[in-house]
Each structure stands twice: as structure tokens, then as C-alpha cells.
Amino acid sequence: MAEAVEQKEYWRWPETIWVDESKNWHDAEVISCGIDLGSVSTQTVIMTDGELYAYSNLRTGSSSLDSTERALNAVLEKIGDMKREDIHYIVGTGYGRVSIPFANKTITEIACHGRGAVYIYGNTVRTILDMGGQDLKAIKVDSRGKVVNFLMNDKCAAGTGRGIEVMADLLSIPITEVGPLSLKVDEDPEPVSTTCVVFAKSEVLGLMRKGWPKEKILAAFFRAMASRVVELLERVGVEPDFAITGGISKNVGMVKRIEKMLGVKALEPKIDPQTAGAIGAALFGRALYIKSQKK
Amino acid sequence: MISAGVDVGSKFTKVVIMKDKKEILGTANLRTGVDHHKTAQEAFDEALKNAGIEKDDVGRIIATGFGKSSVPFADDEVSQVVAAGRGAYFVRPSTRTVIEVGAEESRGIKLKEDGSVKDFALADKCAAGAGSFVDAMARYLELPIEEFGKISLTAQGGAAMNAQCVIFAESEVVSLVHQNVPKEEISRAIHDAIADRVASIVRRVGIEDDVLVIGGLANDPGFLDSLKREIGTEVYVPDSIAPELVPAIGAALSE
Amino acid sequence: MGKKMEELPQYKQFSEWIENRHDYAKKWKQNNGGKVVGYICTYVPEEIFYAAGVLPVRILGSHEPESITRPYLHDMYCPFCHDALAQGLEGRFDYLDGIMLAQSCLHMRQVFFTWEERCGVDWSYYMEFPHGVNNPHASEYLRSLLEKFKSAVEEWTGTTISNKELDEAIEIYNRNRELMRRVYELRKSDNPPITGLHAMEMVVSSQMVDKREHNEVLESLLEDLQDVEVDREIGTRLMIVGSEDDDREFFRMVEYEQNYPATFVFEEHCTGARYFWNDVKPEEDRLMAIAKRYVTRVPCPAKDWPTKTIQGRRRFNWIERWAKEYNVEGAIIMQQKFCDPHELDIPALRELFDKLGIPHLFLEFDITVPVGQFRTRVEAFLESIGEEDLFI
Amino acid sequence: MAKEFKIEPLKVWDDFKKYREKYYRDYLEAKDNGGIRWAGSAWAFDAVPAGLGEDVYPLTGEPYGATVAFFKDFSLQALEAAERKGVARDLCGYLRNYWGSIILDKYVLADGTIVEGFPKPDFNYTIHICCTHAKWYHRAGELEGGIPTYAVDISVGPGYLLDDKKIDYVVRQLNDSIEWMEKVTGREYDDELLIKAVYAEADSMTTWAKICKLNQNVPAPLEEKSMFTLYALLVLHRADPRVAELYHKLYEETQDRVKRGIGAISNEQFRFLTDNPPPWAFLNIYRYMEREYGAVSLGSIYTFGLEGAWLGMDEKGERWIWEPAPTPEEAGVEITNREEALRWTAEYNLRYRPGWQHPYSHKIRKLETLQMIRDWKADALIMHINRGCELWALSELEVRDYLVKHGIPVATYESNMADPRDFDEARTWNVIDSFMESLGRKKLSKQ
Ligand SMILES: Nc1ncnc2c1ncn2[C@@H]1O[C@H](COP(=O)(O)OP(=O)(O)O)[C@@H](O)[C@H]1O
Ligand SMILES: Nc1ncnc2c1ncn2[C@@H]1O[C@H](COP(=O)(O)OP(=O)(O)O)[C@@H](O)[C@H]1O
Ligand code: SF4
Ligand code: SF4
Ligand code: SF4
């Protein structure tokens, strides 16, 4: 039995930790925290009186408890003098929200992305597409960011972030480059016929054998994925303004194709859209804290 | 005469060199690269080296496996089903049912008394019952694959996986981890899930003794254990040769 | 003050019946010396079996993963079928003396045929059943089929079924229906004393046990319900509409394990209202009376299409009525994966709820439901209906 | 060395192609001259609307769905359009192509020309036997903005168990449907035209059975891929006397081919049957079999039995008889009025259509298929596990098991008749090659 050589991890996307150095958190009345424990990534957001103050964006490890601890500690360390007790309210969201032991409350990622998107993009946003690690969500919100309607893909992982990671690995291209590379084709080829991640692998290998360049394969793959996404979006009905949150919003190959198929441009984010869920959670945290004080 | 079988699998490329269709002279097993052609050549060279012979000594080369058409130096091709059947019959002539589980594919083959194929069934779309599933899960639990297979044997059983798909299975594993389910139980649940899927394919051809399990996953004791339990009958693995080499043997045996 | 609602012994009884359904049937056989027949699909005219002293029990699945049906059933047949057939192949229904199908969807037929062949039963009966139940000739046609069916049962059991026995059976069945409707009636109140979980268990257990016994329990339940203490927060009033559904895990998750309170106030299922809502209206020709009941009952989507005109679906009128009467705030549209009859109605069903202004959530069920994935959806759905507090 | 057979193109081929092309165009243009358009299942009682006049043009849904499927690009658009409207992906593939066309408001002609505006029928007229038929048109009617729809329930059990009550049930509905059509169209119904159509229908269907039977000869005079084109007129408009006439021509020509030993392929050395509707976008499977293995597909219970009229199950339900069913003339029946015409068409269809027998037991299809293997001297069966039609999916795996137990080799591949996304070329060739090799057949190119 030959050794299975571990390849370079092309799927690894860059992690970030950020603090707004211009602010002094001691001035704030309410310090709220949102933690979005996703299947692929974990974001921790600290807000001071409903304003973004600090965040981290890290990979989710195989033990989520460690992941959240790590994520929260990473932000606190970066801030320097903030301790966990200084935070008034923590809201957990995301796939693993129930396993954040120190959260005061949990709220679904759907509500949080809706709320977070309005914070990031402004209150004209009506339709949000959240493209994350394992699922897609099409969310309609009102001007406050309250969810009016939503749809989620469930049956199939095709068209999700994990799927793109698998593809990046297979083609040995860093995940941050698959998007730009896929746009280097003049015209999109026919989409791959299986959007199934597992079977797309053999289809992709087949295309490689046929001598297709990698950008063409990616184009075919993203086109197939984008059409699944658009299908989901059109089922809730796209109303402008339209915005994309979640990790795949950083993949221009997907974003451009989705925009083209929909005939609608997505708003440009001012803040890392992967943090939308955690921002929403932190905002809810603030509201809940204020409410609890009134009682 | 010396013949060689080259099995270009989706993950590993295997070569077996045989003498007079009786004796195995040398073997090789390399990870299939993006360039199949190159891997096949390298694996072939390595097998020659192991056998201590030269290329010109080999009279006939037969390719099989999912990349069989990218072996330019082969004289002929044989389908995976026929190769697996032939190989299985060679290593264990009493075999009637062959269960092959490779990295991405699995199949069930029913053999006649003389070792020829009577019926077969391949995994359908969206069936994650194969080796890559194990690889992904082992990686997720941060266990070496050998370890991952072994610990399954010590489990009590009871945890279940519902996901149909490798990708979703990952999140099921995450949630099992969250529930503090011990790793051996998770391993067992994964093996049960794969065995379940493999069995449901093999049942299409009907399971008849003896059952021989081949392909890379036959190295995994946890899988074999779950499979036995699932189909309720004894299963065998080749005893003198690695189970993933069996299709390559079958290819080397082909006319 | 009465008992606490969750402690009512009748609720426990329903769930015990479901859990020990096989033991119950075996014991029933011993005690009554009669035959037990497994039926597939609620269009089976149970009254006729009952009149012949046969206990009809419904064949349902067990919600456990299985790997034994795929050699026979197409992958894209619904999970309920796979699950039901698995029970037969695993021998869990070994005690059955016979099985019967009243023709409904295609998937169920395959279960029946494969069961006939591979699960070993002495007697089996396939009854054609008009699919065009909205067609004026359906009752008469069904009556002719019932007549044949009745003779077959008589021959099988060596009895003759006279009007007297039919009347008795009709009465017991009607009584069961009426009692269950009365329990449902209580759910219109602001504080329903029964959750969807218990209501579903009530209906499912009635498909598994002797209706006489079931009636007794229902009667005592109605008595106890008069002054029961509702010690739970009702929260959002939900209705569930869709295919066969006896998945207790799901109900439990929604009503008992949610972040936000919610209660099902209505189940429009063939394991819910569709099963029992309509009575047999007595008339001289007993078979005609039975035929009319099954033709005019709340139809399943497999049979609900107009034979002429473009008018709507009969089932939708019921759904609309129930949604209003029970003051429904949100609907869960649940469907067995791959169930064609339901799928064909879903786009129109969504339009209906839109029209009624009732928010709705669509879920596809499998043999085992991914409770984790569903939890998020249900929670988000409940958040979107209520939870104004989050927005200041 | 294998024997070489003479081959010749079919002379009637062009006539069949032309009829089909004209059919879709006629439907499109029907309104220009005040004609009537109706749409419905290919299994609808085609002869009944014929009584509304000589200018009545049908559009049958399944063949339309298959036509769409054949043009992959358009099909993708249609399927996606339907899915966006919440139509589930596992529903009948034809239906999704059809609803998709309505939603896109585009109509495709036989040559692939895409016309803007899906032509709405005056009414939908269909039958219901699978779970889909009636609901298909009910919803289509809604999507089309309220087109009236009539569905005849024909799920009355297999032909050999028919009784008067069952036939009555169907005939009554047919009678009602005529009144309804008169109301919907405002036209007066002409019984003479009905009678003519009923004769033509039986003539077409029985003649097709006779043609299929000729394929029992070695070499087979026809192969299945061409038969898909040839049987199409039956699903389009079998009650049209011109269609009956074309089948007579085809029958004569095929008889002549048999007499002269003309084969469908020149190198016939392996004979197989298929099962279920094929993946329309990938009929190259058949060419692959011919080219690589000298294998000819003789037909299937689908091509023979969808629209062919056969005696079928004997009265006891023990034996399947592959003999053409009698036409009224052959049965010595004279049809003189509406009631007789409706009774004839009901009974003839219910009794003699193989496709209408399957949903009532596994046994029928098992006996039917095994008998077919024997009568047509086939070496094997290649089964398409079709995700696109749940009616034909019923029993298929039981049939497979039954054949294997009887020593008949069976291969299965998975795909979809009308959704090209479900076809996996590499996997399919893999199955076929494995299968042929396991039967000891080598590719001709490698010999
Ligand atoms: N910098 C990046 N460039 C391109 N893709 C990225 C980048 N960062 C993350 N992604 C994509 O986003 C996915 C993770 O999305 P995310 O919303 O964080 O998932 P979740 O919250 O569900 O865990 C990754 O799988 C990857 O495909
Ligand atoms: N020692 C082992 N323990 C467990 N699984 C193994 C072991 N060795 C190989 N495998 C499994 O076998 C698979 C490879 O099988 P193989 O038959 O060589 O694949 P293929 O021919 O499809 O490329 C790997 O994906 C791995 O999951
Ligand atoms: S295996 Fe493929 S088709 Fe199935 S759920 Fe996963 S990605 Fe989707
Ligand atoms: S859920 Fe649907 S497909 Fe399944 S048995 Fe019921 S009606 Fe049939
Ligand atoms: S599912 Fe099959 S039988 Fe039903 S309408 Fe579609 S093609 Fe016809």
C-alpha cells in the first residue's frame, strides 16, 4: 500500500482578526457579541452600542467548542483589555449555535443574516442571498432586516462552499483564485451536467483528460452552480436591492455569473460579508440586553 | 508468458505483473495524479522494478479501471466488472459474490461457478458509499485512516447517520462531536452508513456465499465488520494479497 | 382544577399503542380469534372488514434507516413506501393474515405487489378504486367494486356479512370519527388542551387498534379534557398539511424542543384529519352509503382533480376552511420526498396560503428526518412570524 | 466472421418525418383558419374530439415533452423555468418540459425552431392512469390562464379483468365529455366523424403491432432508434385516417424487407431488447451498440406496447400473447352510432394496450417481457432505470430480478427520458461495456 501523500491545502481561505483601533470600548453602554458558528467558518463580532468594533473570521475545527472558544479569545486578545465578563450579551447563531455554552441566547442564521445584511448594506436591501459552507439561503427582509420569507437548499450540497473547496483541491488552485480564474474564459462552456459535488469530481477529471484548461472547467462548474443558486432565488422572487452574504460572496466567479443570470447587480459590501450572521447576532444581542434591563 | 494488469482507479493506480497467469511477480500502487498517463507509466515502471524484469519481458498489458483509456502502452482494455470478477475468482475460486469498494465507486458482482460474471450492479448517483467518504471523515476527526477503521470495532453502536451525501455527512459528524459522542462511536456510525449503502447496491444482484470483498476499503476492518453485520453473512478478503490489487490481477489474467 | 394535560393517561395510551402496535395486534388475534389484515392507504373500506370480524391495521413505517428495499423499489419512490415495505421484508408484520390495497398512488402499489410476493401472506386483495372521485359516476362504480370486495372477504373469512353487521361496523367507525372530531374541535380554543403530537398519536393509534377500544379511550379523554390544565405556552398556532406523516420526532421537536413556543392546532394528513373527517351517511343500500363516503371524503391529492372545468381542488376548500376555523398563524407544508401526487399540488398550495395571508414553510420528509436541519428552518420560520422584540 | 446483411433506407421515412413536422405546425397555426386546438396526454381518447370537426388539431404532451428533451439547450431552459416556479425535479420529465414551455411562453417545432408564444389550446382533454396525467393538465390549464380541462379516469384495472361495470364507468365519462366539449367549443358534435376516427385508431394501433411483430425475423428489418420516429405518429394522432394509411404503407414495406432479407443494420450479431422510455437526448446509445458490438435493439414493451394493440394477457391471467389485437373489421364488428363507437374505443384501449396493464401487478409485466425475449429471439435486455416517469418505473426492478432468475442477462443504467442533466455518459458506456464484456463480447474495433 503506497503512502497517501497529503497535498497542499488549496481550499484554505485566509482567516482575519480585526479591531477598530479608533474606538475605545470603555465608552460604550452596551457591549454585545455575536458568534456565528458555521459548518466551515466561525465569526465572532463585538459591537459597542450597535456599532461594529471588532471581529474574527476563522475556520471551524472539528470540535466546535474549541472553535468558539478560540474565536472569542482571539478577538479578546486582539482587543487587549476586554474580558469575557465585560460583554453584556452574547447571541449564538449558525449551524452549531446550540453548542456555544456561553451564549445567552441562540437565534437562527437566517434571522441574523437578514439583520446583518441591513447593517452592512443599508435598509434598502430586500433580497439576500447567503452562500455559505453547506447551504444556500435566499432571504427576503423588510427595512428593519426582519425576515419575511426564506428558502434553503437542503437535499444537496452541490453549489455550496464546501463544494467549491473540494473543487479547488482537485484542481490544485487556491480557493481565493478559483473565482478570478474562472472569468478568464471568453464565453462560458456548457455547464457540467452533474452539479453533485461527489460526482462532479469524476466529471471534472474526465474534462481534464479531454484537455480542457482549468479556467474552462471552473467556468463550467460555476455556471452549473450559479444556475442552481438563481433557481433558488427566483423561487423567493428577487426584489432589489439585492445583496450577497457568506463566504462565497468573495468568489467573483460565482457572483458575476449570478448577477448576469439574474440581470441584477449585487450591492458592494463595506464590511466583510462573511460576518453578516455574527453582526446580526450581535445586534439582536444588544436589543435583548436592553429589553432585559427594562424589565 | 508474462502479462501485466494496470488498474487506473480514481484515486490509486495499481499494477500487477504475472507469470503464466499463475504467479505474481511484482506489484505497485501509486496515487493517481492529474496526469493519468504519467502515473500509469510510473506505476508500471515500479512494478517492473519489484518484479526484477524489463519492459520487454512483458508480453501483454491490459488496462482497466476508470482511467483505462489513458494507458497508451496497454495492448487492450477490460472493463472493471470483468477484471474484478476474474481477479476475485483467481484469489478465491469459491467466490460467488464480489463486493468491490474503491475510492469513489462501489459495485456488486455475482459470479458463476466458472468465475464468469452472471450479474452486476453499480452504485447509483448520489451514493456516498465508498472510500473517499471514509477518507474525508477520518480527516475530519483528525485520525489516521488505519486508526479510524480500527476503533470502530470497539464501539457499542447506536449512533446513526442520516446524511446521504459526503458533504452533509461532515456536518452530521460535527453534530455527533458536539453531542460528545466518542470517536469510536462516530467511526462505527460512518462505517454502518457506508455498509448500508454498499449492501443496498449488492442486494440488487442477490448475496450468495462466498462473499469476497475487494478494493481499497477492504483494508478497513471497521467497514468489514459493519458489512458483515449488515448482510448477515461471513465475508472474506484476499489472504495473500492486498485487496485493492484484485482488479489489476483480473486485468493481467485477461486475454 | 383538573389534571395537567401532559399527564393525561389517554395520551400515554395512544403512544403505547403505537409503540407496541405489533404486540397489540398479536394479542388481539389471540383474544378474539379473528383475522388481522394490513391495509395500505386510507381508501380501504375498513367497515367491511370490521363487519366480518377482521381487524384492519394500517401498514406504516418505523422511521429507521434500512437498506433492503432498493433491490425492488425505484430510488425515487417515496421514503414512506420504502419504510413501509422494509417492515414487511423484515418480518415485523408476520402475524398478518392478509393485506389489502385500495388503489391510490403508484408508489404504494409497488409496495403492495412486492409485499404480496416477498413477505408471505395468505390472502391479499387489490381493489381498484376510482381516481376521479370528483366525477359523478364514481360512487356507482365504487359500489360495484365494493360488492366484489365484500364477497371476497366473505369467502376468505367464511362468514356472511349482513346489513346488521355492516350497520354495526358503520356505527362504530362513525362514532370514532365523531369523537376524534370533537377532540379536534377543542383545538379551536385559544388554549388547545392537546398538542399536535398527541393528536397525531390519537389518529395513528386509531389506525392500529380495535375502534371499540379506541372509542372508549376517546370518551374518557373527552371527559378529562373538560377541565384539564393547559400548562404550556401555546405560542404560534400551526397547521401541518401534506402527505402521510407519523413522524413523532418532528412534532416533538417543533412543539416541545423549540426556542420559541408553537403548537399544532390542525393536521391535514392521511394520518390526521383526512383519515377520519367524514362519516358514512346511512342509506338503505349500505354499500352505496360506504361508497359515497369514500368518494366524497376529503380527498388525497392522488385523487383530487376536477374531471371537468378548471375549478380548484376539493381538498383546498377544506384546507381553507380549517385554516380559518382554527385560527392558523402559520402552515407547514410537509411532503414525503418524491411524492408525486403532493408535489403536483404544491405550487398551487403555496398560492392558496399566499392568498389566505398565512405564512408557510415547505419541508420534505425522509424516512428519518434530519432534525437538526429542520430545527433551523422551523425556528427561522417562527422568528419570521413573531419575535418583534428583536427589532428595536 | 459475422454475416453481412443488406441494408436499405426506408422509403416511407420521409413521409413520417413530414407528418410530424406538419403536426406541430398545424397545431400552431390552427387558429388562423378558425380551427380548434386541444391538448392532452398521448393516451387521451384521441378519437373523441375528432367528432368536433375536420379542423381539430391536437397537441399531445408526452411527445411534445420528448421533443423538447431532444433539444438539450431549450430543455434546460424549460426545466429550470419550471423549477423556479417550485416544480419538483423528480416529477415527470415530460410534464416539466411542458409546463416549462408554458412558463417560458415558447413553443418548439419538430425541427427545433423555437416560436415565441406557447399556443394555448381551446381545451385540455386527457386521461388519468398514472398519478400525473390529470393534474398535469389541470395545472397547465391554470398556468395558461384558465383553459378548461377534462380528464377521463381509466384506472379500472387490467384488460383481462375488465367487466361491464368498468367499461360503463369509462363510457359514461366519454359521453359526458362530448357534451362538455360541445359546450366549451360551441360546436355541434358529429358522430360520423367519431366513427371514422374510431376505425382509424384501431387500424393504426393494430397495424403497428403487426409491424413490430416482423422484427422477430433475422435480420431484424427495423431497429428501435428508427422505430422511435416511426411510432411517433401514434402518440401524436393515431385516430387520423392519414396516420392509419401511413402505417399500412410502412407495414407493406417492412414485409417486403423481410422477404428480401434486408436488415436494419448490416452486421447484426447480437439482438437485444430495451425497457422504458429512452433518454431522448442520448439516443446515441443505440448507435454505440450497433457500431461497437453489432448489436441491434429490436424494440421494447415501451415502443411496442405504448401504442400498439396486442392480445396480451390470456383470460386466466397466466400467459402473455404477443399477437396483434383485432380491428373492428377483423373482429366482425360494425360501428353504427355514438354509443357503439365509444364502447369500442373504451374497450379496445383498455383491453389491448400493454401500457395500460402494468400498474395493476408485477406479474403482467414479467410474463410480458419474458415472452417478448423469447418471441423476438433476443439475447439480452438493457433496462433504462428512468428517473423521469414513475409509471414505467413501477415493477422494473422486479422484472429485472425475474429475468435474471430465468437466465436472461440484464444490464441497467440510470438516466432520465426528459432531463438531460440526469444522463452520465461515462457511467453509461461503462455499464454497457462491462455488460457486453461479461457476455464475452468484444468491441468490434478491438477484434
Ligand atoms: N477569501 C475567499 N475567497 C473565495 N472564497 C472564499 C473566501 N473565503 C471563504 N470562501 C468560501 O466561503 C465558504 C465558507 O462560507 P461561510 O459563509 O463562511 O460558511 P459557513 O458560515 O456556512 O460556515 C468556503 O467554503 C469558501 O468556498
Ligand atoms: N488501510 C486502509 N484502511 C482503510 N481504508 C483504506 C485503507 N487503504 C485504502 N483505503 C481506502 O481505499 C480507497 C482507495 O481504494 P482503491 O480501490 O485503491 O480506489 P480506486 O481504485 O477507486 O482509486 C481509499 O479512498 C481509502 O478510503
Ligand atoms: S452526493 Fe452529490 S447529489 Fe448527493 S447530496 Fe451530495 S452533492 Fe448532492
Ligand atoms: S407519500 Fe405520496 S407517493 Fe408516498 S404513498 Fe403517499 S401519496 Fe404515495
Ligand atoms: S409519469 Fe410517465 S405515465 Fe405519467 S404522465 Fe409522465 S410519462 Fe406519462
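Lettering follows sequence order; numbering is per chain, from 1.
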Chi angles and distances behind the salt bridge (charged side-chain N to carboxylate O under 4.0 Å, His left out) call for B:Asp76, D:Lys442: CA-CA 11 Å; B:Asp76 205 348; D:Lys442 271 200 122 138; 2.7 Å; yes
Measuring from atom CZ of B:Phe120 to atom OG of D:Ser434, what distance do you get when rounded to the nearest 0.5 angstrom? 5.0 Å
How about NZ on B:Lys21, more than 12 heavy atoms from neighbouring residues, nucleotides or ligands closer than 6.0 Å, or not? yes
Distance, nearest 0.5 Å, that separates CZ of B:Arg86 from OG of D:Ser438: 10.0 Å
Provide the full list of side-chain hydrogen bond (donor to acceptor under 3.5 Å, both in side chains) pairs with a residue in residues 374-384 of chain D, sequence neighbours left out, each pair given once. D:Gln371-D:Asp375
Over 12 non-hydrogen atoms of neighbours within 6.0 angstrom of CZ in D:Phe70: no
Heavy-atom count check: over 12 atoms from other residues, nucleotides or ligands less than 6.0 Å from B:Glu234 CD? yes
Given that the side chain runs from C-beta out, which part of D:Ile385 has a heavy atom under 4.5 Å from chain B: side chain, backbone, both or neither? neither
Measuring from atom CD of B:Gln80 to atom CG of D:Asp433, what distance do you get when rounded to the nearest 0.5 angstrom? 9.5 Å
Which pair of heavy atoms, one from B:Arg204 and one from D:Arg400, lies closest together, and at what distance? O-NH2, 3.2 Å
If you draw a 6.0 Å radius around NZ in D:Lys443, do more than 12 non-hydrogen atoms from other residues or ligands fall strictly inside? yes
Distance from D:Glu437 atom CD to B:Ser116 atom OG, nearest 0.5 Å? 13.0 Å
Heavy-atom proximity to chain B below 4.5 Å, by part of D:Asn430: side chain
Contacting region of D:Val431 [heavy-atom separation from chain B under 4.5 Å]: both
When rounded to the nearest 0.5 angstrom, what distance separates CG in B:Asp119 from CZ in D:Phe435? 8.5 Å
